[in-house]
Amino acid sequence: DARLQRDEIERGIASLEALAGERPQGYRSPWWELTQTTYDLLCEHGFAYDSSCMEDDRPHRYRHASGDLLEFPVHWCLDDWPYYSWSGEQGGNLFAPSTPTEVWTQELQRARAERGHATYTLHPEVTGRGNRLAALESLIRAARDASDVAFVTHGELARLLSPPAPRR
């Protein structure tokens with residue numbers, strides 16, 4: 001329902017402004033599910049980027065009837081949930097704590113080779129366990145040890161990839 005989406009986005013903006021002191025620049029949809037209404041609302045509210053789609057592994061611009069947004073793609077293999085979360089249907093977690101680090105480090109190497117980027121999705125309730133944090137620290141060390149890796153927020157990346165405003 002469009003009214004519910006509008007209400008949730010506007011309440012989210014207000015909450016984040018109150019907590020952070022500034023308006024959010026980007027959006028990630030719950031469960032990475034978007035509708036045309038979502039895009040319309042994001043453009044209406046001046047969002048610079050979204051990070052909810054999986055159709056590519058490179059940042060790109062989505063052009064919509066209501067405006068355009070940068071997209072910073074996500075993927076299940078770069079999310080902690082499939083590796084660590086509990087699933088009664090599947091009998092629980094079947095991955096070693098090091099499995100995502102191996103996958104994520106390979107993705108980091110690929111991004112470096114292509115001079116690209118990697119977006120990792122982490123949930124504090126999922127990765128926030130001692131052995132899992134150690135695995136994440138291993139990935140961070142690998143990235144810090146590389147001279148050609150920069151840690152940036154999506155907001156910073158959006159500013160780097162957006163054309164400058166025309167002079168008046």
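H123 pairs by the ring pair (Phe, Tyr, Trp, His ring centres under 6.0 Å) definition with W81, not counting sequence neighbours. Residues passing the ring pair (Phe, Tyr, Trp, His ring centres under 6.0 Å) test with F47, sequence neighbours excluded: none. Residues passing the ring pair (Phe, Tyr, Trp, His ring centres under 6.0 Å) test with H60 are Y62, sequence neighbours excluded.
For R110, the CZ atom counts as densely surrounded, since its 6.0 Å shell holds more than 12 non-hydrogen atoms of other residues, nucleotides or ligands. Within a 6.0 Å sphere centred on CZ of R61, other residues, nucleotides and ligands contribute more than 12 heavy atoms.
Of the charged side-chain nitrogens involved, none lies within less than 4.0 Å of a carboxylate oxygen, so that R3 and D7 do not count as a salt-bridged pair.
Judged purely by distance below 3.5 Å, without hydrogens or angles, the side chains of E107 and H75 never pair a donor atom with an acceptor atom. In this structure, a donor-acceptor pair under 3.5 Å is present between the side chains of R28 and S51.
Residue L157 is not grouped with residue L69 when hydrophobic side chains (ILVMFWY) are merged at heavy-atom distances under 4.5 angstrom, including chains of intermediate members. A single hydrophobic cluster is not seen to contain both L34 and Y49; linkage of ILVMFWY side chains at heavy-atom distances under 4.5 Å, directly or through other members, places them apart. In the hydrophobic cluster analysis, where Ile, Leu, Val, Met, Phe, Trp and Tyr join through side-chain heavy atoms closer than 4.5 angstrom, F151 is grouped apart from L160. Grouping the Ile, Leu, Val, Met, Phe, Trp and Tyr side chains by contacts below 4.5 angstrom, directly or via other members, places Y120 with I140.
Side-chain atoms of Q5 never come within 3.5 Å of backbone atoms of L41 as a donor-acceptor pair (strictly under, hydrogens ignored). Remark: the backbone N or O of A111 is not paired with any side-chain donor or acceptor of E114 at under 3.5 angstrom. Judged by distance alone, with hydrogens and angles left aside, the side-chain atoms of H64 form no donor-acceptor pair with the main-chain N or O of S66 at under 3.5 Å.
W32 has its side chain out of reach of C53: every pair of non-hydrogen atoms, C-beta onward, lies at least 4.5 Å apart. Counting heavy atoms from C-beta on, the side chains of D79 and V74 never come closer than 4.5 Å. Side chains of W104 and Y83 form a contact here, defined as non-hydrogen atoms less than 4.5 Å apart. Counting heavy atoms from C-beta outward, D57 and P73 have side chains that stay 4.5 Å or more apart. In this structure, the side chains of L70 and P59 stay at 4.5 Å or more apart for every pair of heavy atoms. At a threshold of 4.5 Å between non-hydrogen side-chain atoms, the residues V149 and R144 do not count as touching. Counting heavy atoms from C-beta on, the side chains of E102 and S138 never come closer than 4.5 Å.
Distance check, rounded to the nearest 0.5 Å: CG of L78 to CG of L122 gives 10.0 Å. Here the straight-line distance linking atom OG1 of T105 with atom CZ of R141 works out to 10.0 Å at 0.5 Å rounding. One finds the NE2 atom of H45 at 4.0 Å from the CD atom of E10 (value rounded to the nearest 0.5 Å). Once rounded to the nearest 0.5 Å, the distance linking CD of Q25 with CD of E156 reads 9.0 Å. Interatomic distance, T101 OG1 to R132 CZ, rounded to the nearest 0.5 Å: 11.5 Å. Atom CD of E44 sits about 9.0 Å away from atom CD1 of I9, to the nearest 0.5 Å.
When every heavy atom of S29 is checked against every heavy atom of S52, the shortest pair comes out as N-OG, 2.8 Å.
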Would you sort out whether T35 and T38 count as a side chain to side chain donor-acceptor pair (under 3.5 Å), showing the intermediate values? CA-CA 5 Å; T35 66; T38 310; 3.1 Å; yes
Check the pair R129 / Y84 against side-chain contact (heavy atoms from CB on, under 4.5 Å), numbers first and verdict last. CA-CA 10 Å; R129 306 281 308 164; Y84 293 142; over 6 Å; no
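The aromatic rings of F72 and H154 sit parallel, their planes meeting at an angle under 30°, below the 60° perpendicular limit.
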